[in-house]
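For ligands, and for the atoms within them, numbers begin at 1 and follow the listed sequence.
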Amino acid sequence: MQFQPIFHASHRPVLIAGPCSAESEAQVLATAHGLKDQGVDLFRAGIWKPRTRPGAFEGIGSKGLLWLKRVQAETGMRVSTEVATAQHVQECLDQGIDVFWIGARTTANPFSVQEIADALVGTDTPVMVKNPVNPDYKLWVGGIERLYKAGIRRIAAIHRGFSTYGDSKYRNVPRWQMAIDLQQEFPDLELICDISHICGRRDILAETAQKSYELNFDGLMVEVHPTPDQAWSDAAQQITPVQFGDLIGSLSRRSISSDDPGYLSSIENLRQQIDELDEELICLIARRMELVRAIGHEKKARNIAIFQPERWRTLAEACRCRAEKNELSHEFIALFLEAIHQEGINQQERIVNHPMPAALAPADSRSHD
Ligand code: PEP
Ligand code: MN
């Protein structure tokens with residue numbers, strides 16, 4: 001796939017801002033006027049709101065489109081809203097909405113994305129595709145592909161984090177690697193970070209925006225409301241236009257590289273050392289897996305279960321202590337141990353259950369796509 005840019009601004013990151021939901025004409029226009037001199041490239045407001053549970057405010061509906069038209073006329077900003085059905089697409093096309101976006105709950109449903117894609121055939125509308133609520137990379141790419149196949153070329157991806165169950169400081173955990181993978185696979189696809197839905201709260205918006213700058217995102221999407229505490233949806237994560245200006249002003253922009261010879265030679269040297277260590281790391285892990293396989297044979301001979309909870313608890317605890325002394329975060333070491341453990345279990349499973357009829361091969365070797 002080869003994409004064209006939605007945003008032509010020479011500056012990066014581009015800024016998308018506006019309320020979670022359009023609530024009244026006055027609220028939409030107050031937000032837009034508060035944002036128009038803050039370098040905002042695209043105004044956002046949800047008109048049809050997919051809510052997790054019924055009974056919450058489900059959007060003002062079609063009349064909100066007229067308010068967005070007033071934003072275009074009075075501020076000169078381009079405007080965008082979320083579409084979830086062919087009917088939404090048609091109404092937005094009729095009203096001249098500049099950019100559409102597909103929400104996280106919709107991206108998770110290929111039937112809905114296909115319906116939207118079909119309704120867009122023959123138009124040249126820019127569309128931004130949010131990641132699905134669940135961390136499924138292929139489903140995200142699949143949504144983008146459906147639009148591409150419908151002839152849409154100006155497509156951007158919006159990273160808004162992933163649903164989680166349990167403790168996290170985020171409303172939707174970012175799992176940054178997935179956004180990094182998307183950038184690697186599609187370098188010309190514009191990638192926007194929706195910090196509001198990742199954070200779900202105001203106090204960590206700035207650090208999250210800064211993180212997205214470090215990871216070379218092309219832009220930010222931020223929910224802005226004239227009186228955030230009174231917002232009809234997502235009150236805890238919205239900020240005022242003034243706070244938006246302060247937030248953007250507080251961020252340090254990074255350049256992608258430098259041709260300073262001092263920088264280039266020192267980075268080259270450090271990267272060489274990293275490459276060598278990476279090679280050693282792979283060899284060490286491979287040696288560790290050899291030992292794991294040897295244990296697998298011992299277990300098989302005596303019909304012993306692969307997973308040994310007590311052993312794993314002790315080992316993980318020892319690694320966590322060592323990691324702490326070496327300034328490695330809990331988060332990292334937990335992920336690292338999980339990956340090592342899973343690979344160990346997979347390798348032992350292959351030994352213990354070998355030979356096995358093809359139909360019963362481990363799930364990871366079969367396709368569910
Ligand atoms: C939104 O942008 O207001 C929204 C509903 O977001 P998401 O689809 O990411 O939950
Ligand atoms: Mn919202």
Side-chain angles (χ1 to χ4, degrees), residues 15-23 27-28 31 35 40 42-61 64-65 67-68 79-85 88 92 97 99-110 112-113 116 126-136 139-140 143-144 147 156-165 168 170-175 178-179 182 191-202 204-205 208-209 212 217 219-240 244:
L15 300 175
I16 305 169
C20 175
S21 306
E23 299 165 5
Q27 169 251 5
V28 168
T31 316
L35 288 171
V40 170
L42 181 67
F43 184 78
R44 63 148 282 154
I47 301 293
W48 300 284
K49 300 299 298 179
R51 306 310 300 278
T52 302
R53 301 186 63 182
F57 172 57
E58 296 198 316
I60 207 73
L65 296 175
W67 307 340
L68 288 179
V79 298
S80 63
T81 198
E82 173 173 349
V83 292
T85 66
H88 296 163
C92 287
I97 300 303
V99 179
F100 301 177
W101 86 79
I102 297 182
R105 290 159 195 77
T106 305
T107 309
N109 181 349
S112 299
V113 178
I116 294 167
V127 185
M128 306 187 289
V129 183
K130 289 203 178 195
N131 63 257
V133 281
N134 50 327
D136 186 332
L139 199 53
W140 194 4
I144 292 167
L147 293 165
I158 302 179
H159 177 52
R160 51 77 80 194
F162 303 93
S163 290
T164 175
Y165 185 68
S168 167
Y170 299 106
R171 175 178 174 192
N172 292 293
V173 289
R175 305 193 58 164
M178 212 176 296
L182 200 69
L191 181 61
I192 307 295
C193 186
D194 174 350
I195 53 172
S196 301
H197 290 91
I198 288 178
C199 297
R201 48 193 257 202
R202 288 170 207 137
I204 55 171
L205 287 172
T208 309
S212 78
F217 275 71
L220 291 178
M221 180 183 256
V222 188
E223 287 189 339
V224 177
H225 191 286
T227 48
D229 287 332
Q230 269 101 55
W232 298 358
S233 59
D234 291 351
Q237 69 198 30
Q238 302 205 60
I239 52 176
T240 65
F244 172 79

| task | Sort by chain and number the protein N/O/S atoms found under 2.8 Å from the Mn ion (ligand 2). | result | Cys20 SG, His197 NE2, Glu223 OE2, Asp234 OD2
| message | Can you confirm whether Phe57 sits close enough to Arg51 that some side-chain heavy atom of one is under 4.5 Å from a side-chain heavy atom of the other? | response |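 Yes, their side chains come closer than 4.5 Å.
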| Side-chain contact, heavy-atom cut-off 4.5 Å: Cys92 with Thr81? | yes
| Side-chain donor or acceptor of Arg44 paired with backbone N/O of Pro19 under 3.5 Å |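 Yes; judged by distance alone, with no hydrogens or angles, the pair exists.
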| said: Donor-acceptor pair, distance only, cut-off 3.5 Å: does the side chain of Thr107 make one with the backbone of Lys130? | reply: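 It does hold such a pair.
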| message | Counting neighbours of CZ on Arg202 that are heavy atoms of other residues, nucleotides or ligands and sit closer than 6.0 Å, is the number greater than 12? | response |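 Yes, enclosed.
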Give a yes-or-no answer on whether the side chains of [X] and [Y] include a donor-acceptor pair shorter than 3.5 Å.
X	Y	value
His225	Asp234	no
His88	Glu82	no
Ser112	Thr106	no

Could you go through ligand 1 and note, for every N or O atom, any protein N or O atom closer than 3.5 angstrom, writing the atom names and distance to 0.1 Å, or 'none'?
residue: ligand 1; atom: 2 (O); partner: Arg44; partner atom: NH1; Å: 2.7
residue: ligand 1; atom: 2 (O); partner: Arg44; partner atom: NH2; Å: 3.4
residue: ligand 1; atom: 2 (O); partner: Lys130; partner atom: NZ; Å: 2.8
residue: ligand 1; atom: 3 (O); partner: Arg44; partner atom: NH2; Å: 2.9
residue: ligand 1; atom: 3 (O); partner: Lys49; partner atom: NZ; Å: 2.8
residue: ligand 1; atom: 3 (O); partner: His197; partner atom: NE2; Å: 3.4
residue: ligand 1; atom: 3 (O); partner: Glu223; partner atom: OE2; Å: 3.2
residue: ligand 1; atom: 6 (O); partner: Lys130; partner atom: NZ; Å: 2.9
residue: ligand 1; atom: 6 (O); partner: His197; partner atom: NE2; Å: 3.4
residue: ligand 1; atom: 8 (O); partner: Ala104; partner atom: N; Å: 2.9
residue: ligand 1; atom: 9 (O); partner: Lys130; partner atom: NZ; Å: 2.8
residue: ligand 1; atom: 9 (O); partner: Arg160; partner atom: NE; Å: 2.6
residue: ligand 1; atom: 10 (O); partner: Arg105; partner atom: NH1; Å: 2.8
residue: ligand 1; atom: 10 (O); partner: Arg160; partner atom: NH2; Å: 2.8

| Hey, what's the ring geometry for Phe162 with Trp140, parallel, tilted or perpendicular (30° and 60° as the breaks)? | perpendicular
